[in-house]
Amino acid sequence: MRLLLPVALLATTIAIAPVHFDREKVVRVKPQDENQVSIMKNLAKDNELDFWYPDAIDHVAANMTVDFRVSGKEFQSIQSALDQNRMHYEILIDNLQEEIEKQFDVKEAVPGRHSYAKYNNWDKIVAWTEKMVDKHPEMVSRIKIGSTFEDNPLYVLKIGKKDERRKAVFMDCGIHAQEWISPAFCQWFVYQAAKSYGKNKIMTKILDRMNFYVLPVFNVDGYIWSWTQDRMWKKNRSKNHNSKCVGTDLNRNFNVSWHSSPNTDDPCQDTYRGPAPESEKETKAVADFIRSHLKSIRAYISFHSYSQMLLFPYGYTLKLPPNHEDLAKVARIGTDVLSTRYETQYIYGPIASTAYPTSGSSLDWAYNLGIKHTFAFELRDKGRFGFLLPESRIKSTCKETMLAVKFIAKYILRHTS
C-alpha cells in the first residue's frame, strides 16, 4: 500500500491541475465586409478560438470589433492568414498568464478584513454575507433561495426595511464565472447602501421607500472553478447527458425564445443553452424567487463585463419593446450620470442591435414576465484587459456604476406605480 499512496496522490494532483495560459494571446480584429467575416468563420473552424466579444463566432458581423483568445502555437497560423487577407489586427494581451497574475495588483490593507478593492473568492463572499447581516440587522437580511448543481448555497441579500409590499429592485452579479468585476460590484453596492443609510440623503430616501434583492454570485460553482481551476471558465458546472463537456450558459437557460439562436445546442460550446429552459438549478432558483416576488419587483438589473454598455430588451429579436422610449431615456441619463465621475464612456441600446443577438437571457425573460424596467450593465473595460480588469480599477468602476444604479432606483420610485 505504501507504494500506491504517492501514485494515487499524484493522479489526484494531475486530475485537478489548474489550467495555465502561458503565451496565449487575446487578439482584436475588425472584419470590414462579409468576405472578411467568412475568413474569420473559417479560422474559427480550423483553430480553437475562445471568443471574448462577441461570445460566439455566429455573432461576428462586418464592422464589428471581435476579440478572441488563441494559443501561442496557433497564433502564427492565425497571424499569417490575417496578414494574407490584409485584415488589420491588434494584440490586446500578449501573454494571458502574465495578465492573470497582474490582476491582483492591490495589497490587502488589513489582513482578515473584507476588502472591496480586491477580488474575493467564494468563501470570503459567504463570510461577508454573514458579516453584513450581523453589522446591519435592521437593514440587511440573507435569504437562501436554493442551491447549485454542486450543492453550494445561493444567497440573496435583502437590503431595506421589513415591509415586503414596497417597490423592489432585483440585482444579480456573476452569472458568467470569469466576469469577476461583476460580483465585486454587488459586494460594493450592498456595503455602500447599508453603510450610507441615514448619512447619505439620496440613499436614505431610496431605502426608506424601496427594497433591493441582491444576488452577489449567481453562478457559484463556475465562480469557484474560475478561482481554482480555469480562470476563463464561463458556464456553470452541471454534467451534460451523453457529453464529456461540462456546464450550461445560465444566461441562455431562461424560458424566453430559448431555442432560437443557432449553435447553442452543443454542450461543448460556452453558449450552450442546456437541455431545457430552467433545466439548471441556479436558473430555476432565481426564476422562482422573482416569480414569487413579482408583485413588488419593479426593476431587474444584471451585471456583466466587459464592453461598457447599458443594455435593455430585446436580445432575441430586433423588434423594440413597447416602452422602448422610456428604457432608452433611462439608459441615456444613466450612462450620462455614470460618466460624471471619471468620464467613462458607455453606449446604450437594445441588446440585439447594440451588442449582438442572444436568446434565453435573464433580461428578456424578466421583461416578458412583466418587469418593464430591465437592464444589463456590461462593466469596464473596452477590451484592453477584458475579463481581467486589474484590482486597482475595481473601486473606480464601482463608484461610477453606483451613480447609475442610484439614478435608475430613483426613476423607478418616481415613475412606476
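- In terms of heavy atoms, E282 sits closest to L154 at CA-CD1, 3.8 Å.
- Counting heavy atoms from C-beta on, the side chains of I224 and W233 never come closer than 4.5 Å.
- Under the 30°/60° scheme for interplanar angles, the aromatic rings of H114 and Y116 are found to stand perpendicular.
- Within 6.0 Å of atom NZ in K399, more than 12 heavy atoms from other residues, nucleotides or ligands are found, so the atom counts as buried in its surroundings.
- A pairwise comparison of heavy atoms in A193 and M402 identifies N-CE, 4.2 Å as the closest pair.
- For K41, the side-chain contact (heavy atoms from CB on, under 4.5 Å) partners at least two apart in sequence or on another chain are V37, I57.
- Although no hydrogens or angles enter the test, the distance criterion places a donor-acceptor pair under 3.5 Å between the side chain of D381 and the main chain of G386.
- When atom types are taken as modelled, the side chain of D364 and the backbone of G315 share a donor-acceptor pair closer than 3.5 angstrom.
- Here the CD1-CD1 distance, from I301 to I412, works out to 7.5 Å after rounding to the nearest 0.5 Å.
- A donor-acceptor pair under 3.5 Å links the side-chain atoms of H59 to the main chain of P357, judged by distance alone.
- Between F170 and F289, the angle of the ring planes lies from 30° to 60°, which puts this pair in the tilted group.
- Remark: K235 is not positioned above the aromatic ring of Y272, lacking an NZ or CZ atom under 6.0 angstrom from the ring centre and at most 45 degrees off the axis.
- Results of the side-chain hydrogen bond (donor to acceptor under 3.5 Å, both in side chains) test with R273 over T264, D265, D249 single out T264 as the only residue that passes.
- Contact detail for E101 and Q97: the closest heavy-atom pair is OE2-NE2, 2.9 Å.
- Evaluation of the salt bridge (Lys or Arg N to Asp or Glu O under 4.0 Å) rule for D221 yields no partner, not counting sequence neighbours.
- For E48, the CD atom is loosely surrounded, since the number of other residues' heavy atoms within 6.0 Å does not exceed 12.
- Evaluation of the side-chain contact (heavy atoms from CB on, under 4.5 Å) rule for V106 yields A117, K118, E391, S392 as partners, not counting sequence neighbours.
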List the steps and the verdict of salt bridge (charged side-chain N to carboxylate O under 4.0 Å, His left out) for K372 and D326. CA-CA 10 Å; K372 293 308 175 195; D326 189 31; over 6 Å; no
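- Note that R231 lies outside the cation-pi zone of W225, set by a 6.0 Å cut-off to the ring centre and a 45° limit from the axis.
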Would E278 and R291 satisfy salt bridge (charged side-chain N to carboxylate O under 4.0 Å, His left out), going step by step from the backbone distance to the final call? CA-CA 13 Å; E278 291 184 29; R291 280 190 284 257; 2.9 Å; yes
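- Taking CZ of F377 as the start and OG of S305 as the end, the distance is 13.5 Å to the nearest 0.5 Å.
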Could you go step by step and tell me if E400 and R380 meet the salt bridge (charged side-chain N to carboxylate O under 4.0 Å, His left out) rule? CA-CA 10 Å; E400 67 192 11; R380 291 193 199 177; 2.8 Å; yes
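- At least one donor-acceptor pair under 3.5 Å links the side chain of N120 to the backbone N or O of S115.
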